[in-house]
Protein chains: 2
Amino acid sequence: MPKTASPALTRWTRRKEARPAELLAAALDIFVEKGYAATRLDDVAARAGVSKGTLYLYYDSKESLFKAVIRGGLVPAIQRGEKVFEAHSGPMTELLEKIIFGWWEEVGTSQLGGIPKLMFAEAKNFPELADFYYTEVISRGYGLVRKVLEAGRDRGEFIAIDPEYGTRLVLAPLVFLLLWRHSFSMCERQPIDPEKYLGIHMRLAIDGLRARPAAGASALPEAR
Amino acid sequence: MPKTASPALTRWTRRKEARPAELLAAALDIFVEKGYAATRLDDVAARAGVSKGTLYLYYDSKESLFKAVIRGGLVPAIQRGEKVFEAHSGPMTELLEKIIFGWWEEVGTSQLGGIPKLMFAEAKNFPELADFYYTEVISRGYGLVRKVLEAGRDRGEFIAIDPEYGTRLVLAPLVFLLLWRHSFSMCERQPIDPEKYLGIHMRLAIDGLRARPAAGASALPEAR
DNA sequence: CTTGTTATTGACTGATTGGTCAGCAATGTA
DNA sequence: TACATTGCTGACCAATCAGTCAATAACAAG
């Protein structure tokens, strides 16, 4: 017990106001790095510069901490997307690109981009978290893109494809890119270029969705 | 010899030959259900009708058990795909559909379809497994589809898109469907119809990739 | 029936971690 | 300085689980 209680009288400071945000930032880091189940709350607390006991003063369980991360990170991003939709006027092709690239810049390139992968990974083992995420993030994000496709169809810009499936097919490569960058990307020698990938995707997708003036027999009669 | 001693005394039988396969089948079940880290070897052993000790007689660690599952399940499926490629003659559009739908029927609709989700989920926490899977499954699967796209381009069926990115974009919705069905599908009221989803995807993708005879100015100049 | 061989068991170990709480240290007050 | 309030700590508990191994049950041979 050489406790060396020396000059350092003050070993820590009380900072009640700043703790919640610091803990959320630390939690986002560790959750994205390790996944939900594998995240140790000791690590989160340490990264935030406090002890595990302190963490429990501000969040009463691992689950509530995680939900707070989602609410503070992805939900606002979705809301901004909804704002963009409402504020937009002009071709839906433009709006679609704006939303997809905007989401990529805001979420894909940031720490938050790790959350979707995490959720796919843990959805089955934590059905309650999955429901929460599905309601708060997925259904709203899908609804947003579906509204764009429906508006484009109503304006005669897009062909009359089932909006439910169109939405999924437009978003799949985007989400897949997110998942890839947080899983196997470290296995490849030559990493993917997200801008190029998304650029080609949008070109192909918009070209595929665009209503042909009076094209020949080959172009998507009704998509089954 | 057929003297079936009092069955009450015989509590188990020795079945050295059958154990490995039974353990593999049980392991696939539990791995897909719970994920890699969350799988308890006690559960695997129980499902195979043996004790954990027995499991360790046939596989010396959780990791080697998992690798055996991959080698016995997905790798052969890839190999069959490669066979299909070699045996095919005719339009590459047909081959592409054959491979995509074949993979779906063989892997997507079976227990094996849970493995890709599992791998995405655990890749970061188990880099060694990720490398193994990337080498044995992903790179071979991608290589197969890339060869189809390159052949199609050489035959003049497809436009000259970067095959690396074309491959990713063709496969992303397929893999995404796999991941979805093993994660959030249980959250939606109206489940997705895989046939319809893949059908629309292939229509859009093939239409997007198909070389236009002498189309106007709008159709994909060179995809950036 | 006896004896040797081996497939199988299940209790055990050691390490890990979500969550708890009694006590202490920082700050405020007089 | 003495006392009160409270933000914070870290040892601790209980549960979980990969991996081990001495004991034992099944079988075969003589």
Side-chain angles (χ1 to χ4, degrees), chain A residues 1-23 26-27 30-31 33-69 118 122 125-126 128-129, chain B residues 1-24 26-27 30-31 33-69 122 125-126 128-129:
Chain A
M1 23 269 261
K3 199 45 186 297
T4 64
S6 335
L9 290 178
T10 296
R11 297 188 299 200
W12 42 267
T13 48
R14 312 164 123 205
R15 299 176 48 246
K16 187 178 182 171
E17 278 66 29
R19 297 298 187 208
E22 290 172 353
L23 284 165
I30 311 284
F31 276 137
E33 186 185 326
K34 305 278 192 188
Y36 180 77
T39 285
R40 284 169 286 144
L41 294 186
D42 270 315
D43 285 353
V44 173
R47 161 120 12 165
V50 298
S51 73
K52 188 167 57 171
T54 298
L55 193 161
Y56 274 89
L57 293 176
Y58 295 95
Y59 301 96
D60 39 303
S61 68
K62 195 182 195 180
E63 183 179 322
S64 72
L65 174 66
F66 182 75
K67 286 184 178 176
V69 169
L118 185 163
E122 317 270 6
N125 291 71
F126 300 89
E128 212 165 310
L129 281 187
Chain B
M1 216 63 115
K3 87 158 317 201
T4 53
S6 63
L9 283 182
T10 297
R11 296 185 299 197
W12 43 269
T13 44
R14 312 164 124 208
R15 300 174 49 246
K16 187 177 182 169
E17 328 306 334
R19 297 298 187 210
E22 291 171 351
L23 285 165
L24 244 42
I30 311 284
F31 277 137
E33 186 184 327
K34 305 276 194 190
Y36 180 77
T39 284
R40 284 169 282 147
L41 294 185
D42 270 315
D43 284 354
V44 173
R47 163 123 7 166
V50 298
S51 73
K52 189 166 58 170
T54 298
L55 193 161
Y56 274 89
L57 293 176
Y58 295 95
Y59 301 95
D60 42 303
S61 68
K62 196 182 194 179
E63 183 179 324
S64 72
L65 174 64
F66 183 75
K67 286 185 179 176
V69 169
E122 318 270 6
N125 292 77
F126 300 90
E128 210 166 311
L129 282 187

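The chains referred to below are lettered A, B, ... by the order of the sequence lines, with proteins before strands, and numbering in each begins at 1. As a basis for the values below, the full set of heavy atoms in this structure was taken, side chains included, without hydrogen atoms, waters or symmetry mates.
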Heavy-atom pair of closest approach, residues A:Leu55 and A:Val44: CD1-CG1, 3.8 Å
Contact summary for A:Ala48 and A:Glu22, nearest pair of heavy atoms: CB-O, 4.0 Å
d(CZ, A:Phe126; C1', C:dG18) in whole Å: 11 Å
Annotated protein contacts, base or backbone, on nucleotides 8-19 of chain D with a non-hydrogen cut-off under 4.0 Å, one of B, S, - each: BBB------SBB
Within residues 33-65 of chain A or reaching into it, pairs that qualify as ring pair (Phe, Tyr, Trp, His ring centres under 6.0 Å) - sequence neighbours excluded: A:Phe31-A:Tyr36, A:Tyr36-A:Phe66, A:Tyr36-A:Phe126
A:Glu122 side chain to A:Gly35 backbone, donor-acceptor under 3.5 Å: no
Side-chain donor or acceptor of B:Lys62 paired with backbone N/O of B:Thr39 under 3.5 Å: yes
